[in-house]
There are 2 protein chains.
Amino acid sequence: MLKLSKMTDYAAVVMARIAREPDSAHAAIDLAESVQLPHPTVSKTLKALVRAGLLESRRGALGGYRLARPASQITASDIISAIEGPVAVTECSHADGDCELVNTCGVADNWQRVSYAISELLGSVTLAHLASSAPLRMPVQLPIQAISLYGDDEPPPMATAADSTGKR
Amino acid sequence: MLKLSKMTDYAAVVMARIAREPDSAHAAIDLAESVQLPHPTVSKTLKALVRAGLLESRRGALGGYRLARPASQITASDIISAIEGPVAVTECSHADGDCELVNTCGVADNWQRVSYAISELLGSVTLAHLASSAPLRMPVQLPIQAISLYGDDEPPPMATAADSTGKR
DNA sequence: TGATACAGGACTAAAATGGTCCCCAATTAA
DNA sequence: TTAATTGGGGACCATTTTAGTCCTGTATCA
Ligand code: FES
Ligand code: FES
């Protein structure tokens, strides 16, 4: 399902909550209640967000959490990364040469591009967008032309069999 | 990491293998070898792909798997869906009203749009693209302008240093 | 000083994932 | 007809991930 974990989901929800009232500090327990989730869980999520630098925290009475920077400068990608690590669609997309199939699959390159495109897409959605109650307006153009792919009318490139003769 | 499961990864690799030689049937065991993966696992993956209608199979001697339709008509989204179910970023993106937080989070709507955008993106990448040894060419424009995201009063994502607005 | 509220991490239970195996059904060749 | 080949469908298990709880410590402020 290509879906993000619940924790990430929570993170988004909580961040949005905070973003809607950015000028006051929010205690974990208050957030938990307003979001209808167990306190410990929310707390855990908040800690992760602090560690990722998306939130600032303050202890003690009057303490709580607040955004580390304006909601318009926090992206969906940031939030996701904070909880589940960098956005990458496949293992090999890591580009860290971990995958041992690199030689046999030949899909890595293109997957990586797709991954990048998604990453860009997520990077173009800000917390301000997410938090806004109004649905995101359209249309818009994403900074994706820089990515890859090609026109839809163009015939498929296909490496063809000629390519399979020599295994790289 | 927003990543797909290994099985999906395998699926893509195997599909690409088949796509490169679309005119002959490929036995599971041969594919397994050429891809350097355990036979049972590959076999399992193939079965799933058949069930999803992306491959056709034939039993008996001379049997094997082949594409159910041209590689240019099979999308990354198809492959992912075949293995992990429909592409959806969050639970609530399902739009099936399962999530109980709908009332408290208010993020659902916009997440859903993001989800849709990703889905479109993946739908625009075909197996032919993936299988091609040459990196996808650029530039291209994805059919994403139709999607959504922000309007005109909102500052373009991070591009500007104008932290300002934040929220209206 | 004492109440508040975050920090960090250990820990558990439950679920998803990856992977194997076995037996059956279909197809073809001898 | 029979034998060999090849996929179909599941059951099954081991391992890892995930979600969630809890406890102990530390900073802040009235
Ligand atoms: S599966 Fe890792 S490089 Fe292709
Ligand atoms: S978390 Fe499900 S609707 Fe927002």
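As the structure is a computational prediction, the values presented were derived from the model and not from experiment. Chain naming here is simple, since letters A, B, ... match the order of the sequence lines and numbering starts at 1 in each.
In this structure, the separation between CG on B:L54 and CD1 on B:I74 is 5.5 Å, given to the nearest 0.5 Å. Rounding to the nearest 0.5 Å gives a distance of 6.5 Å between CE of B:M15 and CD1 of B:I18.
Within the 4.0 angstrom heavy-atom criterion, only backbone atoms of the sugar-phosphate kind lie near A:H26; the bases stay farther away.
Of all heavy-atom pairs between B:V107 and A:A12, the closest is CG2-O, 4.2 Å. Across A:L130 and A:A76, no two heavy atoms sit closer than the pair CD1-CB, 4.4 Å.
Here the P atom of nucleotide C:dG18 and the NE2 atom of B:H39 are 19 Å apart, to the nearest Å. In this entry the distance linking CD1 of A:I83 with C1' of D:dA19 reads 13 Å, nearest Å. Atoms CD1 (A:I80) and C1' (D:dT18) sit 17 Å apart, rounded to a whole Å. For the pair B:R66 CZ and D:dT6 P, the interatomic distance rounds to 14 Å; values are reported in whole Å. The CE atom of B:M7 sits 7 Å away from the P atom of C:dG19 (whole-angstrom rounding). Taking atom NZ of residue A:K44 and atom P of nucleotide C:dG8, one finds them 14 Å apart after rounding to whole Å. For the pair A:L31 CG and C:dA5 C1', the computed distance is 12 Å after rounding to whole Å. We find that NZ of B:K3 is positioned 17 Å from P of C:dA16, with the value rounded to whole Å.
The backbone N or O of B:H39 sits nowhere less than 3.5 Å from a side-chain atom of B:S43 that would complete a donor-acceptor pair. With hydrogens and angles disregarded, a donor-acceptor distance shorter than 3.5 Å links the side chain of B:D78 to the backbone of B:T75. Checking side-chain atoms of B:E84 against main-chain N and O of B:S5 turns up a donor-acceptor pair under 3.5 Å.
Of all nucleotides listed (D:dG8, C:dC6, D:dA19), C:dC6 comes nearest to the side chain of A:A28. Each of C:dT20, C:dG8, C:dC6 was ranked by its minimum atom distance to the side chain of A:R51; first place goes to C:dG8. Taking only side-chain atoms of A:A27, from C-beta outward, the nucleotide of D:dT21, D:dG7, C:dA5 with the closest atom is C:dA5.
When the side-chain nitrogen and oxygen atoms of A:Y10 are compared with OP1 and OP2 of D:dA19, none of them lie within a distance under 4.0 Å. For the OP1/OP2 pair of C:dA7 and a distance below 4.0 Å, the side-chain nitrogens and oxygens of A:S43 include no atom meeting the criterion. Phosphate contact (OP1/OP2 of C:dG18, side-chain N/O of B:S5, threshold under 4.0 Å): present.
Contact of B:K47 with D:dG9 (side chain to base): a donor-acceptor pair of N or O atoms is detected under 3.5 Å.
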Please list each protein N or O that sits under 3.5 Å from an N or O in nucleotides 28-30 of chain C, with the distance.
| residue | atom | partner | partner atom | Å |
| --- | --- | --- | --- | --- |
| C:dT28 | OP1 | B:R58 | NH2 | 2.0 |

